[in-house]
Amino acid sequence: MMIQTQLEDLIRQALKKAQKKGDLPKFPLPPITVTRPRREGQGDYSTALPLQIVRDVNNALKANQAGSLSPLQIGDILIRRLPPVDFLERAELAKPGFINLYLSPVWLARQAGEIAKQGAAYFKLNLGKGKSVQVEFVSANPTGPLHFGGARNAAIGDALARLLEHSGYVVQREYYVNDRGTQMTTFAMTLWRRYQQLFGLDVSIPEDGYPGAYMINYAEKIKEAYGDSLLSLPDEEIPAKFRELGLKIVLEELKEDLAMMDVHFDEWFSEQSLYDDGTFAKVFAILRDQGDLYEKDGAVWFRASKYLKSDRDEVFVRSNGEPGYFASDMAYHYHKFIIRGFDWVIDVWAVDHQNQAKRLPGALQAFGIEPERLTIVLYDLVTLKRGGKEIKISKRSGEIITMREVLEEVGADAARYFLLSHSNEARIDFDIDLAVAQNSENPVYYIQYAHARASSILRKAAQAGFIPQNANLDLLTCPEEQALLRKMLQLPEVIANAVERLAPHHLPHYALDLAKTFTSFYGHCRVLSELPDQKDLTEARLMLVLAAKITLAYTLGLMGMSAPEKM
RNA sequence: GCCCCCGUAGCUCAGUGGCCAGAGCAGCGGCCUUCUAAGCCGACGGUCGCAGGUUCGAAUCCUGCCGGGGGUGCCA
């Protein structure tokens with residue numbers, strides 16, 4: 001359990017005890033929170049509980065005609081009732097009514113040993129208690145290479161999945177493949193024309209087709225595999241055949257691109273399969289039988305107004321007979337919750353889907369699915385910059401800046417770091433020059449360097465024959481050592497906060513903080529010493545270095561970044 | 001029109017009820033016979049978009065306004 005949570009329990013116990021013993025009157029317990037103060041001298045943790053309960057206390061006392069208490073008096077009472085524990089050194093009262101809590105330096109020092117012994121397990125939480133959660137992310141249309149914006153989706157989605165996995169959830173990563181509908185047909189027909197062109201036929205791509213040069217590459221792949229044998233295909237077979245071939249090529253490419261970022265999916269879920277396996281028909285029947293569907297203007301509408309605070313209904317089946325995106329989304333989420341039974345589903349979408357994000361969870365009530373079970377994480381777009389100037393993309397030529405291009409230029413670690421370091425709702429100006437810079441301007445290298453340094457020290461120590469197994473950790477008392485220990489202990493809190501808010505951007509900020517604290521320790525505290533009388537200290541510090549290395553690697557791992565042994 | 005997001009140090013951004021607002025970078029001043037100077041230490045730097053309100057306490061919550069972006073489709 002996190003130390004923060006343990007302290008909250010401690011304060012709660014003190015309050016209960018004070019009430020039981022009659023030091024304080026009885027009133028319902030408020031939520032008790034212990035936070036990390038910003039400033040030094042205010043404890044490792046503090047609580048403003050006396051200020052929060054002073055009114056309740058005095059109202060209760062007034063009812064008993066028993067005078068009144070000040071926040072400081074209440075704080076004093078609570079401190080006296082705090083049960084003694086090994087990790088808490090002392091509690092101090094501070095004006096106007098705070099209780100500042102100081103961790104025991106000896107206990108802190110010994111955590112280095114715990115981390116070294118337990119490894120990553122030290123930081124795992126059990127917030128999820130085995131709940132199953134699906135994280136669906138990226139899910140870009142399979143009609144071409146991934147745009148760079150998709151990289152942000154991948155970074156956020158994968159980091160969320162990792163955070164949840166390490167917090168006691170059973171996680172499934174899913175990519176939703178929009179393999180049906182008008183776009184797919186247009187894609188297939190563009191591909192067909194490009195294929196024909198490769199054999200010198202004078203044909204042009206469809207009016208609203210995909211003009212990008214990558215389509216020619218796809219056509220060439222088909223030519224390599226099939227030669228000219230497809231030219232004679234009957235007209236009615238062309239769309240389906242080229243859709244199938246094109247989809248296969250694109251999906252392979254998507255998998256490769258995402259693998260460059262070390263992003264892997266458990267399931268590539270086909271939209272078309274919802275229609276092939278009867279899920280859509282089932283959903284349609286359910287809604288129809290509930291009276292949630294009606295016809296108007298030749299289309300079938302879903303009575304969204306029945307479930308949402310909205311007077312606008314949704315088109316379910318278009319007048320051309322094709323189900324709309326809303327229908328697919330309903331069927332898809334029916335499949336997620338009812339057929340596959342996920343406890344919780346997180347969809348990672350770009351902000352331009354905000355309207356659907358607002359409506360879909362409520363609409364699922366039509367299937368008896370509580371809206372809270374679907375969380376849609378929205379993130380803002382990414383603009384690419386080079387030398388401070390925005391790189392414009394040309395829609396007309398169909399040339400986009402692909403995720404692969406940027407990853408090849410800046411590297412997956414830097415891309416992950418920058419894409420993750422902004423809150424989801426904030427727009428990102430991604431400066432390629434900065435991400436590529438291998439100098440002090442780039443925090444990515446600073447963080448990884450800290451890990452490489454820790455590794456280097458441990459390597460050298462091993463060569464020198466140090467085996468820090470029974471080190472006397474009580475020797476870790478200097479400010480830099482203690483600061484490093486405190487920072488490492490913060491990681492579970494960072495994870496818990498990131499999970500609670502589904503905000504992975506806290507990780508890169510913490511990582512930088514941790515690296516800074518480690519490097520400061522490195523600068524102040526010589527680890528490897530030749531002096532015989534320093535042997536104990538060296539061993540203790542080696543444990544600390546090992547613990548720091550584990551913590552750094554774990555943090556980098558949560559972000560999907562590598563932790564190099566050498567740089 | 002209505003709805004959502006953003007507006008914090010020169011720049012890029014954290015911080016969403018707690019005690020004198022933080023980091024990185026840039027700029028300024030120190031520090032390399034020492035485990036990687038891709039480094040360390042220090043000083044400087046802010047009317048938290050504006051105006052009201054709620055609260056013992058507001059960058060954080062509420063209302064209005066200003067500026068930027070997005071949404072509001074028988075596109076996804």
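Each chain gets a letter, A, B and so on, in the order its sequence line appears, and its residues count up from 1. These values consider heavy atoms only, across backbone and side chains, with no hydrogens, waters or symmetry-generated copies.
The nearest heavy atom of RNA chain B to A/Cys525 and to A/Val315 marks one nucleotide each, and the one closer to the 5' end goes with A/Cys525.
Comparing the same atom, C1', in B/A14 and in B/A9 gives a spacing of 13 Å after rounding to whole Å. Comparing B/G18 with B/A76, their P atoms are spaced 44 Å from each other, to the whole Å.
Here A/Asp297 lies in heavy-atom contact (under 4.0 Å) with a base. Residue A/Thr519 is in sugar-phosphate contact alone, with no base atom involved, counting any heavy-atom pair closer than 4.0 Å across all strands shown. Using a 4.0 Å heavy-atom cutoff across all strands shown, A/Glu322 reaches no nucleic acid atom at all. Heavy atoms of A/Phe316 sit nowhere under 4.0 angstrom from any nucleic acid atom. Using a 4.0 Å heavy-atom cutoff across all strands shown, A/Arg312 reaches sugar-phosphate atoms only and no base atom. Among the heavy atoms of the strands lying under 4.0 Å from A/Asp429 are primed sugar atoms or P, OP1, OP2 only; no base atom is included. Using a 4.0 Å heavy-atom criterion, one finds that A/Leu51 contacts the bases of the nucleic acid, with or without backbone contacts as well. Contacts of A/Ala452 with the nucleic acid, taken as non-hydrogen atoms under 4.0 Å apart, include base atoms.
In terms of phosphate contacts, A/Tyr446 brings a side-chain nitrogen or oxygen within less than 4.0 Å of OP1 or OP2 of B/C40. Considering only side-chain N and O atoms, A/Arg359 lies nowhere under 4.0 angstrom from the phosphate OP1 or OP2 of B/G71. A/Lys95 has no side-chain polar atom (N or O) that falls below the 4.0 Å cut-off from OP1 or OP2 of B/C19. Note on A/Ser423: a side-chain N or O is less than 4.0 Å away from OP1 or OP2 of B/A14. Between A/Arg427 and B/G68 there is no side-chain polar atom (N or O) within less than 4.0 angstrom of OP1 or OP2. For B/U12, the OP1/OP2 oxygens have no side-chain nitrogen or oxygen of A/Ser421 closer than 4.0 Å. Of the side-chain N and O atoms in A/Arg318, none sit less than 4.0 angstrom from OP1 or OP2 of B/G73.
If you check the side chains of A/Ser305 and A/Arg312, you find no donor sitting under 3.5 Å from an acceptor. If you check the side chains of A/His353 and A/Asp347, you find no donor sitting under 3.5 Å from an acceptor.
Taking atom OH of A/Tyr445 as the reference point, atom C1' of B/A38 lies 10 Å away to the nearest angstrom. Following rounding to the nearest Å, A/His353 (NE2) and B/G73 (P) show an atom-to-atom distance of 15 Å.
Scanning atom types as modelled, no donor and acceptor separated by under 3.5 angstrom connect the side chain of A/Asp380 and the base of B/C6. A/Ser46 contributes a side-chain N or O that forms a donor-acceptor pair with the base of B/C19 under 3.5 Å. Under 3.5 Å, the side chain of A/His509 and the base of B/A23 form no donor-acceptor pair of N or O atoms.
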